[in-house]
Amino acid sequence: MTSSIHQKKEQPSSEPFISLTDISKSYDGKDYVVYDLNLAINKGEFVSLLGPSGSGKTTTLMMLAGFETPSQGEVRMGGKRLDKLPPYDRDIGMVFQNYALFPHMTIAQNVGFALTVRNVDRREIKARVKQALEMVELSHVANRRPAQLSGGQQQRVALARALVFEPALVLMDEPLGALDKRLREHMQYEIMRLHRELGLTTVYVTHDQSEALTMSDRVAVFFDGRIQQIAPARELYESPHNAFVANFVGENNGLDGRVSAIDQNTASLALAGGAVIRGGISQSLSVNTHGMLFLRPEQLRIAKGDENLGNRVSGVLEDIVYCGDHHRVRVHLGENDRLVCKLTNSWEHSLPAIGSKVDLTWRIEDCKVLPPLLASAQSSVSS
Amino acid sequence: MNATVPAPAVSPTAPDTLNDAERLQAYRRVKRRESRKALLLAAPLLLFLLVTFIAPIGTLLLRSVQNPEVPQAMPDATALLQQWDESGLPDADVYAAMARELVEASKAGELGRVARRMNFYNPAMRSLLLKSARKLKRMSVEDAQLALLEVDGRWGDKEIWRVLKRAGQSPTPDYLLNAIDRHVDQDGDVASLPPEESVYMAAFSRTIWISLSVTLLCLALAYPVAWLLANLPERHSRRMMLLVIVPFWTSLLVRTTAWYVLLQPNGVINSLLTGMGMVSQPVPLIFNRTGVLIGMTHIMLPFMILAIYSVMKGISPVYLRAAQSLGAKPLGAFFRVYVPQTLAGVGAGCFLVFVLSLGYYITPALLGGAGDEMISQLISIQTNQQLNWGLAGALSAYLVIFTAIFYFIFNRLVGIDRLRFG
Ligand SMILES: Nc1ncnc2c1ncn2[C@@H]1O[C@H](COP(=O)(O)OP(=O)(O)OP(=O)(O)O)[C@@H](O)[C@H]1O
Ligand SMILES: [Mg+2]
């Protein structure tokens, strides 16, 4: 890894706005909660950190904000070392999960706080607070206290407070976690609008994948203290790097098997039940190792006659669930292998009965054979 | 409960539909039953409070305006005296009634009480009454006025009769005036007592001053400790909390006597100080203000710590982080964001310590000197030694009134309902 640092130093011109290089973090000196993390963010980019609970998202954000120090590695922003600066000198705005609005101050005082501690002229504070509140459409609550506001309003105040001093970077830790679904969607658009209008650089933590996929330029998928993949939403969805990403992002059918053959872009996977399936590969795989096949439910069709799109397996139809705009049909292939397919309602009249034998077919390029999980961060500090 | 009850949602044809009035009645019935039940549950406590707290305090406060001793023992003389206009000496019938009732009261064994009561007005009255009664019993009285004057020339002094007239008035403002170093003088005006008899105003202001000092000392000592308690890792803070709580398990008297031993001129602290060569003479730590402040602060400290801690415990550390992320330096963040949020606890702690200190008794009595008497000590002296319950009641009344006024001002400023007491 040291060589890659040198390479980066040789080309300062292409240096990203923010870079986390070879960051590891351990709270207790035994286990790493973030391991070997590399993340580069460009100016004006919206990057989401997505991952299950405990995967190290908040820790990463806190290292950016300066409330945690990395055990190893370095953080840079705009070419300067950031990890030596205290939080109050970093010029980073932060929106906390439960907003952390100061309960003893009015909304205007909350929003103006960053300016007050910077000893900005009082008249200018007033003007900028007004402007910031207008931006989030909350001018009318300027003299209320946070407790007198609804969750969504508090959220927007927190946003205005973090943006009023025009920070170089905005961090948000699950800012919409406490809102109900409709409000959450509304606020997503609100945040995207502000991001676009103000040209912010934003790092956004969430464990809601649809939020991450809709809002971000790029999504970093966290698991076990490592970034499993960082890519734009479409790439994440269509060509996941490993089994975790495939499973975590969107709905996927996963089938365990043994890689039986490989040619250029496809691999054959032998299932426990005996069937052999071919799928695309994007990672290096070797024959006779364990592999997993991932297949989106909407790519599956029930084969009519001897229709074959490239792969065809047979199984027993286990159940059918009506989901409004589609039906979910589960087919048991044998052993523990099951496939769920999402069928549009046009299939409604031709659905076989439960318990009957069905054949499923799909295209080779629509499914991926992936290596199982990335080696996890379980490696302890001593190793 | 005039809130409009929503109209029944069921169709009006349903047989079990009640109309609005009936619903309201039913609702009130249930409410009444609930509040009766609640009252029943609280009844033992209320009864206990009434018998052991409200009634005795009420009686004591009543004492401060009651003046029963003289009118009871000498009903006629008292009644006649009330008509006396204080221009010359009283009429002959007043003398007659006085001479007769002095003897009667003495025989009935009631003169002692009268003498003690009169002693509170003027220490000379006691001997005058007792001596006169003794002598009158032995002689046959024809002209009461002459007889009394013969027994003691002071019966010709208008002032004596004026005091007796005042003593016959009930309710009386005299105790309440005495308690603030005032009395009613010959001319019927309220006047200050001579400086050598004025002790209570000084004691009141001293009490307030000591309580205020103790409150501020406690605040200064408790705030950092509460902060530690609220912010240390659980393991350590639990152990520390034990240290705060343990004094609560120890008797007040034990703790005070411990200080009594420690603070002696040749006690542990002075031995240490002289031993280390920091002072050549023992520092006077006891029987003065220093001793009182040390002892009271130590005893009040847990209240302050717990009151502040309970509020600090609820303040998320995320606020400090938020302040820092907005550009406040740690100290600035602490004073702008953390301290204001602890004010409710600080208020509660100060209120508790100040009010408890106002009524403090044992510690200043043991550790204080002659100039450190607090008002409770004086109340206790009047109650137990002087048996002047009227004055004790009056002093208590002022203490209660002051506390109440303090409560209202404090409530106005800080808002008691916003305080958290743990
Ligand atoms: N201050 C701390 N001291 C010790 N361990 C910590 C601390 N903060 C977090 N951890 C541990 O580090 C790991 C990662 O925590 P982190 O808060 O970064 O997760 P996260 O991805 O933000 O999860 P969530 O979605 O639940 O917020 C967890 O196992 C957590 O227990
Ligand atoms: Mg988190």
Side-chain angles (χ1 to χ4, degrees), chain A residues 27-28 58 61-62 64-68 85-106 109-120 125 129 132 145-147 154 157-175, chain B residues 219 223 226-227 230-237 307-351 410-422:
Chain A
Y27 283 107
D28 53 7
T58 300
L61 208 65
M62 288 302 166
L64 266 171
F67 297 115
E68 299 292 352
L85 284 179
Y88 50 87
D89 277 340
R90 289 196 178 195
D91 197 23
I92 292 177
M94 181 144 187
V95 178
F96 292 83
Q97 177 157 17
N98 291 314
Y99 322 136
L101 296 181
F102 308 133
H104 59 290
M105 295 185 191
T106 64
Q109 286 168 334
N110 262 286
V111 174
F113 187 83
L115 304 174
T116 314
V117 297
R118 284 173 173 76
N119 291 321
V120 174
I125 294 183
V129 166
R145 308 240 165 210
Q154 290 185 31
V157 172
L159 212 53
R161 185 177 72 170
L163 298 180
V164 76
F165 62 105
E166 292 164 7
L169 171 68
V170 183
L171 307 178
M172 305 192 198
D173 192 356
E174 305 200 20
Chain B
L219 180 59
Y223 201 89
W227 191 84
N231 290 288
L232 277 181
E234 183 93 2
R235 205 156 36 92
H236 299 291
S237 74
I308 299 179
Y309 165 79
S310 78
V311 169
M312 283 185 172
K313 195 70 200 157
I315 301 176
S316 160
V318 105
Y319 291 119
L320 280 180
R321 289 188 160 190
Q324 286 195 46
S325 86
L326 292 169
K329 300 201 168 52
L331 212 61
F334 183 77
F335 282 108
R336 281 170 193 270
V337 170
Y338 194 80
V339 171
Q341 292 189 61
T342 60
L343 285 186
V346 168
C350 288
F351 180 78
F410 194 86
N411 193 12
R412 205 29 91 66
L413 290 181
V414 187
I416 289 285
D417 10 298
R418 291 205 356 244
L419 297 187
R420 305 244 308 264
F421 282 101

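The sequence lines fix the lettering, A, B, ..., with proteins before strands; numbering per chain opens at 1. Values below: all heavy atoms of this structure, side chains included; hydrogens, waters and symmetry mates excluded. Small disclaimer: the values here were computed from a predicted structure and weren't measured.
The contact between F165(A) and chain B is made entirely by side chain atoms (from C-beta outward), counting heavy-atom distances below 4.5 Å. Heavy atoms closer than 4.5 Å to chain A are found in both the backbone and the side chain of A323(B). With a 4.5 Å cut-off on non-hydrogen atoms, R90(A) does not touch chain B at all.
Residues P103(A) and Q341(B) are in side-chain contact: their nearest non-hydrogen atoms beyond the backbone lie under 4.5 Å apart.
Shown here for V117(A) and L326(B), the closest heavy-atom pair between the two residues is CG2-O, 3.7 Å. The nearest pair of heavy atoms linking Y319(B) to L101(A) is CE2-O, 3.1 Å. Taking each heavy atom of A322(B) and F102(A) in turn, the nearest pair found is CB-CE2, 4.1 Å.
Atoms CZ and CE, on R321(B) and M94(A) in that order, are 8.0 Å from each other to the nearest 0.5 Å. Atom-to-atom distance recorded for D89(A):CG and K329(B):NZ is 6.0 Å, nearest 0.5 angstrom. Interatomic distance, CZ of F113(A) versus OG of S325(B), reported as 9.0 Å (0.5 Å rounding).
The backbone N or O of R336(B) lies less than 3.5 Å from a partner atom in the side chain of H104(A), making a donor-acceptor pair.
Residue with the most contacts toward chain B among A162(A), A100(A), G93(A): A100(A) (heavy-atom pairs, distance under 4.5 Å).
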